[in-house]
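First listed ligand is number 1; within each ligand, the first listed atom is number 1. Everything quoted here is computed from the prediction, not taken from an experiment. Start at 1 with the first residue, then count along the sequence.
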Amino acid sequence: MQTTDTARSTWTSGDMMPNRRMPNGVVTKAERWEQRVQLGAHPLLYPAIRGLGSIRPVIRLPGLGVLVSEATLVRDVLMDSERFIKNGPSGSGALWTPVVGPKALVNMDGVAHRELRRKLADLFTPRSVAAIVEPAGASLHSRLHRGLDAGGPVDLVDGVKELAGGVISRLLGVPDDAPGRLPNRELFNLGSSISSLVRLGRPTLTVRQVAKGRSAVGVLAGPAREAYRKSDPQTFPGRLRGLGMTEEEAMGIISAFVMVGTETLVSFVPRLTALLADSGRIEGLVDDRPSVPSTVNEALRFTVPSPMMLRDVVAPSSLGGVAVRAGDRLLLSTVHASKSLGRFDPEIPIPAHARQLWFGAGPHFCIGMPLAMAEINATLNLLLDRYAQHPWAISSRQVSKGVLIPGYRKLELVNA
Ligand code: HEM
């Protein structure tokens, strides 16, 4: 079955994006690999969602919910937390409560959620983000240079996992030289063991899964509680305490960061790298760093690391002419809403109604975005700097199969 990635069936005549270059049937290498990544994760669902999205912006799918595939409508739902909630019975929020407790942002709504977000407004300043990402990036830096200098391939997916593990250690407030500190890769694996409990179409976790999740959270929470109790503002748990969080709130937030923030990043950074290398843009970016932000944004739009969001309807409404009622489950197809805007082309501005939709919108908008952007930029700049001295190329890769968040399992780089 042909997917709409390349056919672009949504944007035909009357297209809202007349200036975005239209395909002429040629599928580029970059597009082909992105499509393989999506199909590796969801071989049936991905084509179905793209196909349905290109037929109608809102479709009721009996037994599954109401699929919303157009950017303005997706944003409207996310902005309206009176009628559409995240912590309802079929959304993903409530799933987490038995594992991480009731105060993990992702499983909250209304006043309590707003109040917690307000207290966290100043959490990620440029300084606090740099204090997390710079030391965490050091091991990726040495791994890349050492590996390439030795002539061997370097697996970027592994490297980004190392970076994500280093970020987790800072979120937990564990000093590098702490006795018994878990290696970054193990920290990443623990975080990943929690987030990978979620599968599409599984509305609750089994008793065994809850026990597994709680055990991983328990290992991670030990050092975080210690750091919280020490109240050191130089540590992340100490900062949360300084912002007025109770110990339980701080543990919920740290757990949310660990489980939401790792998989998306490990999905995106290798895909960004592949997209740029496959479309022959690395060399241009080496000499044109001011273009990095718009290129990264366009790559986020084109890859959509968080492809779908869920909401429950709590009051009747109409979406794109389709009536929805309390109890309906909304499947917000960010992946179609974003990708249907066109092919990967950083020179063309992203339309206002879709801007940053891949980080959500409204009250649950990704609170980790500044951290995510710093991790992405640090890795991309490292790769561009390396390329300026010694060009590299992708030597081999494998896409991940049957995972929730599409991505590469392996992306190996070698000196060109
Ligand atoms: C490329 C990377 C990332 C993408 C694409 C992404 C995307 C998203 C999206 C779409 C949402 C909204 C979900 C919804 O409304 O249902 C979200 C929420 C969230 N993200 Fe991210 N995220 C990324 C990285 C991170 C990182 C690095 C962290 C933290 C370390 C993080 C922490 C969170 C948290 C805690 C929430 C829940 C906020 C709330 O419910 O109030 N994210 N993210």
Side-chain angles (χ1 to χ4, degrees), residues 68 74-75 77-81 84-88 90-96 100 103-110 112-121 123-124 128-129 132-133 136 160 163-172 187-188 191 194-195 198 236 240 249-250 252-272 296-297 299-312 330-335 337-338 356-380 405-407:
V68 184
V74 170
R75 187 181 295 282
V77 170
L78 294 174
M79 300 300 291
D80 185 347
S81 54
F84 312 113
I85 63 166
K86 185 167 163 85
N87 195 29
S90 63
S92 57
L95 193 83
W96 292 115
V100 295
K103 300 232 167 149
L105 290 173
V106 291
N107 56 358
M108 299 171 76
D109 276 310
H113 177 259
R114 240 186 344 264
E115 182 54 21
L116 194 52
R117 287 288 302 234
R118 194 188 55 74
K119 285 197 213 165
L120 292 169
L123 185 62
F124 288 131
S128 73
V129 165
I132 294 173
V133 176
V160 181
L163 169 70
V167 167
I168 292 176
S169 82
R170 261 93 204 158
L171 294 177
L172 301 178
L187 287 170
F188 168 81
I194 310 173
S195 44
V198 180
F236 188 74
L240 289 176
E249 281 172 340
I253 287 160
I254 291 168
S255 306
F257 281 11
V258 168
M259 67 193 193
V260 186
T262 47
E263 299 289 339
T264 38
L265 202 87
V266 173
S267 155
F268 179 65
V269 175
R271 288 165 79 188
L272 165 72
V296 168
N297 267 335
L300 281 162
R301 179 195 69 78
F302 193 72
T303 57
V304 201
S306 184
M308 183 160 285
M309 291 174 265
L310 302 176
R311 290 296 185 270
D312 280 301
L330 300 184
L331 311 162
L332 306 178
S333 176
T334 328
V335 69
S338 303
Q356 294 193 326
L357 200 59
W358 33 96
F359 282 115
H364 287 280
F365 182 81
C366 179
I367 192 172
M369 189 188 86
L371 188 58
M373 293 310 288
E375 290 179 72
I376 293 163
N377 288 330
T379 313
L380 183 54
I405 304 277

Leu105 and ligand 1 - part of the residue with a heavy-atom distance under 4.0 Å: both
Structural part of Met108 in contact with ligand 1, heavy atom criterion under 4.0 angstrom: neither
contact_flag Arg311 ligand 1 heavy-atom lt 4.0 Å: yes
For ligand 1, the portion of Met309 having any non-hydrogen atom under 4.0 Å away: side chain
Atom 4 (C) of ligand 1: nearest protein contact (heavy atom, Å): Phe359 CE2, 3.5 Å
Residue selection (non-hydrogen contact nearest atom 38 (C) of ligand 1) among Arg117, Met369, Met308: Arg117
Taking atom 37 (C) of ligand 1 as the reference point, the nearest protein heavy atom with its distance: Val106 CG1, 3.6 Å
Closest protein heavy atom (residue, atom, distance) for atom 26 (C) of ligand 1: Gly261 CA, 3.4 Å
Atom indices of ligand 1 within 4.0 angstrom of Lys86 heavy atoms, with elements: 13 (C), 14 (C), 16 (O)
Closest protein heavy atom (residue, atom, distance) for atom 34 (C) of ligand 1: Ile367 CG2, 3.7 Å
Contact with ligand 1 for His113, non-hydrogen, under 4.0 angstrom: yes
Close side-chain approach of Leu300 and Phe359, heavy atoms under 4.5 Å: yes
Nearest heavy atoms of Pro305 and Thr264, plus distance in Å: CB-O, 3.9 Å
Identity and separation of the nearest protein heavy atom to atom 33 (C) of ligand 1: Val260 CG1, 3.7 Å
Mutual orientation of the aromatic rings belonging to Phe257 and Phe236 [parallel < 30°, tilted 30-60°, perpendicular > 60°]: tilted
Numbered atoms of ligand 1 (with element) below 4.0 Å of Leu371, judged on heavy atoms: 30 (C)
Close side-chain approach of His364 to Asp109, heavy-atom, < 4.5 Å: yes
Nitrogen or oxygen atoms of Ser306 and ligand 1 under 3.5 Å apart: no
Of Leu331, Val335, Leu330, the residue whose pairing with Ser333 passes side chain to side chain contact (heavy atoms under 4.5 Å, CB included): Val335
Shortest non-hydrogen separation from Leu357 to Ala337 and the atoms involved: CD2-CB, 4.2 Å
Residue, atom name and distance, where the atom is the protein heavy atom closest to atom 23 (C) of ligand 1: Thr264 OG1, 3.5 Å
Best match, Val266, Leu300, Val167: closest heavy atom to atom 1 (C) of ligand 1: Leu300
Atom 40 (O) of ligand 1: the protein heavy-atom neighbour that sits closest, reported with distance to 0.1 Å: His364 ND1, 2.6 Å
Shortest non-hydrogen contact from Phe365 toward Gly360: CD1-O, 3.2 Å
Arg170 vs Val167 side-chain heavy atoms within contact, under 4.5 Å: no
Close side-chain approach of Leu116 and Ile253, heavy atoms under 4.5 Å: yes
Heavy-atom nearest neighbour in the protein, as seen from atom 5 (C) of ligand 1, with distance rounded to 0.1 Å: Trp358 O, 3.5 Å
Heavy-atom nearest neighbour of atom 19 (C) of ligand 1 within options Cys366, Ala374, Ala164, Gly191: Cys366
Check: Leu123 and Leu240 side chains under 4.5 Å, non-hydrogen atoms: yes
Shortest non-hydrogen contact from Val74 toward Val68: CG2-O, 3.8 Å
Nearest non-hydrogen partners of Met259 and Val100, listed with the distance: SD-CG1, 4.0 Å
